[in-house]
Amino acid sequence: MNILMNGLNSFTGILLAKNLLKKGHRVIALSSGNPKRLNSLQKNELENIKNNKSFTLLVNNYNLDNKSFLYDFKENIDIFIIHGFKALDYKNLKLNSITLLKDSLLWLEPLPKLLKDRSCKLVTYTGTYFENFIPELQTPYSLSKSMGWLYVKKLFSEFKLLKYLLINPYGSLESKKFTASIINKWINEESVNLEFPYLIRDNMPAEFLIDDYINNIENFLDNNYSIREYSPSYIVETNLEFSLKFSSKLKNYGYQCDLNVSNNKLCNTVTGKNSVREKYIHLEDAFIEDYLKKAILNNKKN
């Protein structure tokens, strides 16, 4: 199938494009063409994607006036994945939800007609697990994502619609997030200070998450649903439990993995609603071992 997507220049966007290509799909990526935020591993993976004969890059400035970005691509488009969102600092509580929504999605206005002319069957929208917070704990980012789904449902009402909420992903392409941070510190013989040891996350290897996302997209085309919201869950554990799991495996490579635990008792549970653990649990140990080997090797190169 021909699949149009945005949000390529991100940790999960790179994996999404890579796995779609691996499954034999043609990927047409809308992108600003600015990879400045990517680390060296991510840039290398992106270059591999760009060299794939089934990949097409369409540079797009995401302005409402830009209505011609699809005209140079003459083939039909079967699926459109709205994966990108302008929230580089998504934890910032001072963000304006309305402004964020406009900046991220207003450029979609001309898309329904363009996609209808290209025989598009399905539009998918990538959500965030932050949307599962109770109302008083919603962030500007999660609010804008929720409002964005309402907007997408209205704008693309003539298409089949799927919303898939990403839970907390970790993997070798990750950068500057919790898992990458603690592993890099341990590899560099630094102590890890857990500020929120009892904060609960729903963690999932990124490759498993993206694989499940793609499977949902492919299967959704074959069923009779017109609209669906899917909220995956993998393993619900505290930051402390998660850290101990990784430190126990990293110690096998000779690292000390010092861990300092604060007395902060914050314990906020945010989980998905649809468990996918049984599908992937047999692959987890191999995934973590591969992740750690790549992290150690990359650290030696740097």
Side-chain angles (χ1 to χ4, degrees), residues 1-88 90 103-127 148 152 155-156 159 162 164 166 169 171-176 206-207 209-211 213-214 216-218 221:
M1 289 184 290
N2 292 337
I3 300 178
L4 177 70
M5 64 169 283
N6 76 326
L8 178 67
N9 288 336
S10 67
F11 164 40
T12 53
I14 290 171
L15 282 174
L16 181 58
K18 176 184 176 180
N19 286 12
L20 285 169
L21 290 168
K22 189 182 295 185
K23 297 195 76 171
H25 298 296
R26 174 86 178 274
V27 175
I28 309 96
L30 298 174
S31 174
S32 63
N34 184 0
K36 287 183 179 179
R37 292 189 300 115
L38 303 182
N39 62 31
S40 59
L41 283 175
Q42 293 167 339
K43 287 178 180 178
N44 288 339
E45 199 65 67
L46 187 56
E47 283 304 310
N48 291 334
I49 290 171
K50 289 179 179 179
N51 290 330
N52 191 303
K53 293 181 180 180
S54 296
F55 178 81
T56 300
L57 179 66
L58 299 178
V59 177
N60 179 33
N61 59 13
Y62 296 110
N63 288 333
L64 190 58
D65 295 335
N66 184 13
K67 301 178 181 179
S68 61
F69 54 83
L70 276 181
Y71 294 157
D72 292 334
F73 186 81
K74 305 300 182 183
E75 301 175 35
N76 282 343
I77 292 170
D78 301 292
I79 297 168
F80 175 37
I81 303 175
I82 305 169
H83 189 69
F85 213 80
K86 289 188 178 181
L88 305 184
Y90 64 91
D103 290 345
S104 300
L105 299 180
L106 194 60
W107 66 277
L108 293 170
E109 288 287 341
L111 265 291
K113 184 180 185 308
L114 284 169
L115 293 176
K116 196 171 183 182
D117 291 343
R118 301 297 178 86
S119 303
C120 183
K121 306 177 185 69
L122 170 65
V123 174
T124 80
Y125 179 73
T126 305
V152 166
L155 189 64
F156 295 96
F159 300 81
L162 170 67
Y164 188 95
L166 294 190
S172 57
L173 288 180
E174 177 188 5
S175 63
K176 298 181 181 179
E207 278 81 353
L209 182 63
I210 295 302
D211 180 71
Y213 191 2
I214 294 173
N216 269 270
I217 290 171
E218 292 173 331
L221 282 175

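What you are looking at is a predicted structure, and each value in this text was computed from that prediction instead of being measured. We number each residue from 1, following the sequence as shown. These values consider heavy atoms only, across backbone and side chains, with no hydrogens, waters or symmetry-generated copies.
- Applying the ring-ring contact (aromatic ring centres under 6.0 Å, His included) rule to Tyr164 yields the partners Tyr213, Tyr230; only residues at least two apart in sequence or on another chain are considered.
- Contact record, Lys86 with Asp103: CD-O, 3.4 Å, taken as the closest heavy-atom pair.
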Please report the C-alpha distance between Asn52 and Val27 in whole Å, then the side-chain angles of each, then the deciding distance to 0.1 Å, and finally whether the side-chain contact (heavy atoms from CB on, under 4.5 Å) criterion is met.
CA-CA 10 Å; Asn52 191 303; Val27 175; over 6 Å; no

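- Judged as a salt bridge (Lys or Arg N to Asp or Glu O under 4.0 Å), not a single pair has a partner in residues 51-60 (not counting sequence neighbours).
- With values rounded to the nearest 0.5 angstrom, Ile28 atom CD1 is found 6.0 Å from Thr56 atom OG1.
- Annotation: side chain of Ile49 is not in contact with side chain of Leu57 (no heavy-atom distance under 4.5 Å).
- At most 12 non-hydrogen atoms from other residues, nucleotides or ligands lie less than 6.0 angstrom from NZ of Lys113.
- Other residues, nucleotides and ligands contribute only 12 or fewer heavy atoms inside 6.0 Å of the NZ atom of Lys116.
- Scanning both residues, Arg118 and Glu75, for their nearest heavy atoms gives NH1-O, 3.4 Å.
- In this structure a side-chain-to-backbone donor-acceptor pair under 3.5 Å is present from Asn51 to Glu47.
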Could you walk me through whether Val123 and Leu155 satisfy the side-chain contact (heavy atoms from CB on, under 4.5 Å) test, starting with their C-alpha distance in whole Å, then the side-chain angles of each, then the deciding distance to 0.1 Å, before giving a yes or no?
CA-CA 11 Å; Val123 174; Leu155 189 64; over 6 Å; no

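- Summarising the geometry, atom CG belonging to Leu16 is positioned 11.0 Å from atom CG belonging to Asp211; distances are rounded to the nearest 0.5 Å.
- Here the CG atom belonging to Leu8 is positioned 6.5 Å from the CD1 atom belonging to Ile14, to the nearest 0.5 angstrom.
- A donor-acceptor contact shorter than 3.5 Å links the side chain of Asp78 to the backbone of Asn2.
- The two residues Ser31 and Asn9 come nearest to each other via the heavy atoms OG-ND2, 3.3 Å.
- If you take CG on Leu4 and CG on Leu58, they are separated by 7.5 Å, rounding to the nearest 0.5 Å.
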Can Leu20 and Met1 be said to form a side-chain contact (heavy atoms from CB on, under 4.5 Å), step by step?
CA-CA 10 Å; Leu20 285 169; Met1 289 184 290; over 6 Å; no

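- Here the CG-CG distance, from Leu111 to Leu30, works out to 7.5 Å after rounding to the nearest 0.5 Å.
- For the side-chain contact (heavy atoms from CB on, under 4.5 Å) with Phe156, the qualifying choice from Leu122, Leu108, Thr124 is Leu108, the only one to do so.
- Residue Gly13 comes nearest to His83 through the heavy atom pair N-NE2, 3.5 Å, listed as atom of the first residue, atom of the second, then distance.
- Not a single side chain to side chain donor-acceptor pair (under 3.5 Å) links Ser172 to another residue, sequence neighbours left out.
- Leu173 and Leu15 make their closest contact through CD1-CD2, 3.8 Å (heavy atoms, listed as atom of the first residue, atom of the second, distance).
- Between the NZ atom in Lys121 and the CZ atom in Phe159 there is a gap of 11.5 Å [rounded to 0.5 Å].
- Using modelled atom types, one side-chain atom of Gln42 and one backbone atom of Asn39 make a donor-acceptor pair closer than 3.5 Å.
- Summarising the geometry of Thr12 relative to Ile210, their closest heavy-atom pair is O-CD1, 3.9 Å, with the distance given to 0.1 Å.
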